Protein chains: 2
Amino acid sequence: MDNMLVSVETVAERAGVSVSTVSRALRSVPGVSAATRKRVQDAADALGYSASPAASRLATGKTMTVGIVVPVLAKWFFGKVIGEATQTLRQAGFDVLLYELATAEQRQRFFGTVHLHGRTDGVIIMALQPSREELESLASQGQRVALLGAESAGVGSVNVDNRGAGRAAVRHLLNLGHQRVAFIGIRDEDGSNLGGVPPLQRLLGYRDALGEAGLAGGDVLEELDENSVAGGAAAMSRLLVAEHAPTAAFVASDEMAFGVLKVLRQAGLDVPRDFSVLGFDNHELCDVVGLTTMDHAVAEQGRDVAGILLDALAGLDALDGSVPRTLSRTARLVIRESTAPPRALRSTPAGSDSPDSAGHSAHL
Amino acid sequence: MDNMLVSVETVAERAGVSVSTVSRALRSVPGVSAATRKRVQDAADALGYSASPAASRLATGKTMTVGIVVPVLAKWFFGKVIGEATQTLRQAGFDVLLYELATAEQRQRFFGTVHLHGRTDGVIIMALQPSREELESLASQGQRVALLGAESAGVGSVNVDNRGAGRAAVRHLLNLGHQRVAFIGIRDEDGSNLGGVPPLQRLLGYRDALGEAGLAGGDVLEELDENSVAGGAAAMSRLLVAEHAPTAAFVASDEMAFGVLKVLRQAGLDVPRDFSVLGFDNHELCDVVGLTTMDHAVAEQGRDVAGILLDALAGLDALDGSVPRTLSRTARLVIRESTAPPRALRSTPAGSDSPDSAGHSAHL
DNA sequence: CATCGCCTTGCAAGCGCTTGCGACACGAGC
DNA sequence: GCTCGTGTCGCAAGCGCTTGCAAGGCGATG
């Protein structure tokens, strides 16, 4: 209830002990009898005391804060994963400092200067592949690091098997009978590698599947664009004018897939009758539009990466040079209404299935 | 380049001055000649020096950090608005600490204890209506406050005219000829008032419009549920079994509207031929599904609320007791393909318009 | 009964920065 | 030539907490 005027001293006086005892008692440091500890605790409660973080940070060197770095906040994936991570971190008593590195210039500035030192004990870097020097810079600032959607030797990370997932996704399309399957992927914005590694892995998985099916020889049906509805739409538009247009597409993100669905609709093509679309993320709106996609347990990833950083932070004290944990999960196919066999393969002649066979077509 | 070992002293030695001069020079405090200032600056740069935030916080009492409090992160609206706000804050040299208050219990704990004191200089509270005591608690912790989606005397805030917007939305439906317009709103989760004031205002606007049109007498067509796709779907399902089902609905959030569209589709009803839907937010996916909605410039709101807090923080020094700024913006209708005159009013007999008149129907 | 060791507690020295105040040098004004 | 003001700078006292170390009290031990 009281305000900023209460300091250790006030508590010490009220409890009739020294400040050092107060400090020890409140932090459960051994060396204080249960009786005094309780007395101190009561006094602190009564006064509404809360230790000044600045002072204890200065004295201990620990900030009990971790940073989370993301390329962009206003995307479902990041909101979700940050939300989960912060809950986990908060439970462990950590505050979280947020850094959005939207442009290459911001990224440059962030890694180029000593900013984190004394602000955070560790940092979670999401969907950004830090270079060796960048990691070293962080280490020299005393930061523990955990990566999500990236990997680096000696650094804890959580990943999904994007290549395997890409392959599985395309296999599904192939198994349905599609011969011409396109890939719509994420292009790095402004030249830098903001796109990250996962998108590339998905592309490789796509090629894997095509190669295994003996379909690698044909003309390439790979289109990259920015990771957004508009980007997906633009990419699909380009595909529509290809010499031999595809009958299905594996899209590297659900948001882009939404754009793809939009363009297909505008083109008068029915999904999945005329064209199949398979996304990636299992975005919360997939269910609404009936998009088949690859789910990679986004919430769990957030929890995992937070846990890994917490481990690394704990390992600071336990001086066993334990290697940081690295997790990899495999994505799973979620079938909805945007994928089906290609038209040519239907048992009934084209057009015989009613245009509005409700419940069997995607809804965009 | 160097690490944590550089402190003011190192810089002072290298520049051949005292630590106090270094401190003043680096912070552009008057009382240092241009020559020495440059010398100090060079020395600091050469050493890669960066002042320990903990130490300067302890000494000055200012943290150069602001907190952002949101009820949930994984929603498009919050991601967007936080993103914009953090950019603005960072430009002003502030770090941002993130607090997600997902449950009533977390909210209780957050406001019930002195947590912010010494951690942040101010806090932006989003979509949460803080009580008088809660605000006083924050003030006693030395926090400046700015609100988004809430109002309180003496506190800066940004708001949209939700009531006017609700009224405008319903007017649009009424003008199209709808007689039975439903309202689907946001219900507070777990009993607390997490729903906030804006949803209530939208409901009042709905009633305003109905009243003005002389339609207030009929049976109530108001359904509340949680702010999510599922919630919207559930609410719409309930409306479908009403004695006299509505022909249009104004939905208090786009996400809920998506759920509404989903249920309508499942029920075999065409939007907008059989039913009109009007949402709220102008969610980035509205364009994809063709949802008519009320736009309230989300990004601008983020920038505005950050600016207001920044002003309040600056006003700390300038001791004119200037009243905090309060902004209110009006939403605007964005027409897409989910609204149209009710079936009964069509110029052509029912059914004569082809079922797949592309470009004129919503796509869910 | 004296001694030793352990458990509690307090003292005081920092942690790295900021800032009021005094010291000093210099040019101006009488 | 002396005083005074202005502009630069350094000294040292904190800011509020943590922690190594020493002091004191106690029961256990020989």
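Protein chains get the first letters and strands the later ones, always in sequence-line order, with residue 1 at the start of each. Computation of the quantities below employed the complete heavy-atom set of this structure, encompassing side-chain atoms and omitting hydrogens, waters and symmetry-equivalent molecules. The model shown is predicted, which means the values in this text are computed figures rather than measured ones.
- Distances were taken from every side-chain heavy atom of Val32(A) (C-beta onward) to each of dG16(C), dT9(C), dC17(D); the shortest belongs to dT9(C).
- Distances from the side chain of Ala51(A) to the nucleotides dG16(C), dG10(D), dC17(D) place dC17(D) closest.
- Atom-to-atom, NE2 of His117(B) to P of dC17(D) comes out at 9 Å; the value is rounded to the nearest Å.
- As a whole-Å value, the separation of Leu58(B) CG from dG16(C) P is 12 Å.
- In terms of position along DNA chain D, the nucleotide closest to Arg39(B) lies nearer the 5' end than the nucleotide closest to the other residue of the pair Ser56(A) and Arg39(B).
- For the pair Glu100(A)/Gln106(A), no side-chain contact is recorded, criterion being any heavy-atom separation below 4.5 Å from C-beta on.
- Look at Tyr49(A) and you'll find a side-chain N or O under 4.0 angstrom from OP1 or OP2 of dC17(D).
- To the nearest angstrom, P of dA12(C) lies 14 Å from CD of Glu9(A).
- Distances were taken from every side-chain heavy atom of Thr21(A) (C-beta onward) to each of dG10(D), dG10(C), dC15(C); the shortest belongs to dG10(C).
- Applying the 4.0 Å criterion to OP1 and OP2 of dT18(C), one finds that Arg27(B) has a side-chain N or O inside that range.
- Counting to the nearest Å, the C1' atom of dT19(D) and the CG atom of Leu26(A) are 16 Å from each other.
- Proximity of His117(A) to Ser140(A): side-chain heavy atoms (C-beta onward) are nowhere separated by under 4.5 Å.
- Residue Val22(A) is classed as having no contact, given no heavy-atom separation below 4.0 Å to the nucleic acid.
- The nearest whole Å value for the distance from the NZ atom in Lys38(B) to the C1' atom in dC9(D) is 20 Å.
- Within 4.0 Å of Arg57(B), counting heavy atoms only, lies no atom of the nucleic acid at all.
- Between Thr60(A) and dC15(C), a side-chain N or O to OP1/OP2 separation shorter than 4.0 Å is absent.
- Counting heavy atoms of neighbouring residues, nucleotides and ligands inside a 6.0 Å radius, atom CD of Glu9(A) does not exceed 12 of them.
- If you check dC9(D), dT18(D), dT9(C) against the side chain of Thr36(A), the one that comes closest is dT9(C).
- At a threshold of 4.0 Å, the pair Lys80(B)-Glu84(B) does not count as salt-bridged, since none of the basic side-chain nitrogens sits closer than that to a carboxylate oxygen.
- Residue contacts for Val17(A): at a heavy-atom cut-off of 4.0 Å it reaches the sugar-phosphate backbone alone, with no base atom in range.
- Taking only side-chain nitrogens and oxygens, Ser20(A) never comes nearer than 4.0 Å to OP1 or OP2 of dT19(D).
- At dG10(C), one or more side-chain N or O atoms of Ser18(A) fall inside 4.0 Å of OP1 or OP2 (strictly under the cut-off).
- Toward the 5' end of DNA chain D, the nearer of the two residues Ala54(A) and Val29(A), judged by each one's closest nucleotide, is Ala54(A).
- To the nearest angstrom, P of dT19(D) lies 10 Å from NZ of Lys62(A).
- Looking only at side-chain heavy atoms (C-beta outward), Val22(B) and Val17(B) come within less than 4.5 Å of each other.
- Here the C1' atom of nucleotide dG10(C) and the CD atom of Glu13(A) are 15 Å apart, to the nearest Å.
- Regarding contacts with the backbone of dC7(C), every side-chain N or O of Ser33(A) stays at 4.0 angstrom or more from both OP1 and OP2.
- When distances are taken from the side chain of Arg24(A) to each of dC9(D), dG10(C), dT18(C), the shortest belongs to dG10(C).
- Val32(B) has its side chain out of reach of Val40(B): every pair of non-hydrogen atoms, C-beta onward, lies at least 4.5 Å apart.
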